[in-house]
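Please read the structure below before turning to the comments.
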Amino acid sequence: MSTTGATADPLAALGNLPGVADSVESVRKAVDRVYGHRVMRRRSNEITSEAALRGARGSAALSGADWALEEVRRRSDFSGDDEARTMGAALRLTAEAGQLLSIWRQSPLRVLARLHLVAAADKAEHVGRPRRAGEPVDEPLIDLPLPGAAEMRGRLEGLAGIVIAGGSAPALVTAAVVHGELLALRPFTSHNGLVARTAERIVLVGSGLDPKSVCPAEVGHAELGQDAYLEALRGYLSGTPEGVAAWIAHCGRAVGLGARESTAVCEALQRGAA
């Protein structure tokens, strides 16, 4: 979905697409259930920490490192093979996201550059900036048409303008569009999926929908599976109202599943089993 030349509040109309209002309402109810749990009143920091770990695991799974949760807990060295480095990148991004909330609305491009720098964890010339013409993109699990560098930059600036302008669109809609655009554009030479899902988290938390970051959408995206993720993304890329609505609904289901995961953690803590 191109954001170039958009109106002052280009996302607001997406809330009126068929089924989107239902998705927004469903997500709000799921989030409210977590925040209303009695454990959240006493041990919210533990839920936040656990959600961060599970969210990182889910995001890494969608980038090819599908590890068991206990393996993620056990490991301390993530510098080995490609999967270990992907997991390490996901964990670093989750930790970094909370430090960037105050910057996002003022300078989203700065935040995205920082996220890529953290994910890549090296000082190569192409790290921490949008790709240039002719530079390859290493994102093997997202086999979709790649916009040229000039188009990418124009759309990325348009997206940043929308974020800075704000608007009345529900948090779910904004988060889904940010996520979808970053996957569509793949603005960096690597780690675009991890960055896109972290940006989605930043929007959901910064918007106030999930201020304690206890409803990890990444868990839901992983649970719904890679095939469903890519199919929904193709709908978004089609630019049709039905396709965009389906992507937003998919992101809504992911947030709902993340909320369900944290509700289960609350229940386990209440029983003294975790």
Side-chain angles (χ1 to χ4, degrees), residues 3 48-49 51-60 62-65 72 78-79 82 84-132 135-139 142 146-147 149 152-166 171 174-213 216-218 221 251:
T3 56
T48 296
S49 296
L53 184 70
R54 295 181 184 219
R57 193 216 72 82
S59 190
L62 288 170
S63 288
V72 182
F78 297 96
S79 62
D82 287 345
R85 287 191 290 272
T86 295
M87 185 61 69
L91 290 165
R92 290 192 301 274
L93 285 172
T94 299
E96 187 73 12
Q99 310 303 313
L100 299 173
L101 291 170
S102 63
I103 305 172
W104 172 254
R105 283 291 298 273
Q106 287 73 43
S107 186
L109 296 184
R110 179 182 164 194
V111 168
L112 293 173
R114 174 62 185 171
L115 291 176
H116 186 244
L117 185 66
V118 168
D122 63 43
K123 297 181 180 178
E125 188 271 338
H126 59 270
V127 169
R129 62 154 176 82
R131 58 185 167 85
R132 296 171 182 161
E135 289 183 332
V137 174
D138 181 15
E139 206 73 39
I142 302 179
L146 184 69
M152 176 272 293
R153 283 181 176 272
R155 287 175 61 178
L156 191 62
E157 289 173 4
L159 180 64
I162 290 172
V163 171
I164 292 168
T174 303
V177 169
V178 167
H179 185 172
E181 277 293 289
L182 291 175
L183 288 177
L185 299 178
R186 278 149 287 162
F188 302 108
T189 57
S190 64
H191 300 92
N192 290 287
L194 293 175
V195 168
R197 290 184 289 274
T198 305
E200 179 185 47
R201 172 187 283 264
I202 287 172
V203 173
L204 293 170
V205 174
S207 68
L209 176 65
D210 179 22
K212 294 183 182 293
S213 194
E218 306 96 320
H221 285 303
C251 291

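- Taking every heavy atom of both residues into account, A89 and A119 meet most closely at CB-O, 3.5 Å.
- In plain terms, the two heavy atoms of R155 and P147 that are nearest each other are NH1-CG, 4.4 Å.
- Put simply, CG on L117 and CG on L93 are 10.5 Å apart, with the number rounded to the nearest 0.5 Å.
- In this structure, R186 has no salt bridge (Lys or Arg N to Asp or Glu O under 4.0 Å) partners at least two apart in sequence or on a different chain.
- No side-chain heavy atom of L115 sits less than 4.5 Å from a side-chain heavy atom of F188.
- Within the 3.5 Å criterion, the main-chain N or O of L204 finds a donor-acceptor partner in the side chain of S207.
- Remark: H221 engages E200 in a side chain to side chain donor-acceptor pair (under 3.5 Å) (not counting sequence neighbours).
- Closest heavy-atom contact between G128 and A113: O-CB, 3.2 Å.
- Minimum heavy-atom separation, S63 to R197: OG-NH2, 2.7 Å.
- Proximity of a side-chain donor or acceptor of H116 to a complementary backbone N or O of S190 within less than 3.5 Å is detected.
- Between atom CG of residue L209 and atom OG1 of residue T174 there is a gap of 10.5 Å, rounded to the nearest 0.5 Å.
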Test side chain to side chain contact (heavy atoms under 4.5 Å, CB included) applied to E135 and E125, step by step: CA-CA 11 Å; E135 289 183 332; E125 188 271 338; 4.1 Å; yes
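- Tested against L182, the residues V177, L156, N192 include a single side-chain contact (heavy atoms from CB on, under 4.5 Å) partner, L156.
- Counting heavy atoms from C-beta on, the side chains of S59 and R201 never come closer than 4.5 Å.
- Considering all non-hydrogen atoms of both residues, A51 and S213 come closest at CB-O, 3.6 Å.
- Counting all heavy atoms, side chain and backbone alike, L101 lies closest to G206 at CD2-N, 3.9 Å.
- Judged purely by atom type and a 3.5 angstrom limit, E139 uses its side chain to pair as donor or acceptor with the backbone of G193.
- Taken to the nearest 0.5 Å, the CG atom of L100 stands 8.5 Å off from the CZ atom of R110.
- Atom CD1 in I103 sits 9.5 Å away from atom CD1 in I202 (nearest 0.5 Å).
- With M152 as reference, R131 is the one residue of R132, E157, R131 to meet the side-chain contact (heavy atoms from CB on, under 4.5 Å) rule.
- Sorted by first then second residue, the side chain to side chain donor-acceptor pair (under 3.5 Å) pairs that include residues 87-106, not counting sequence neighbours, are E96-R114.
- Looking at V72 and L91, their side chains come closer than 4.5 Å, going by heavy atoms from C-beta outward.
- Atom OG1 in T48 sits 12.5 Å away from atom CG in L53 (nearest 0.5 Å).
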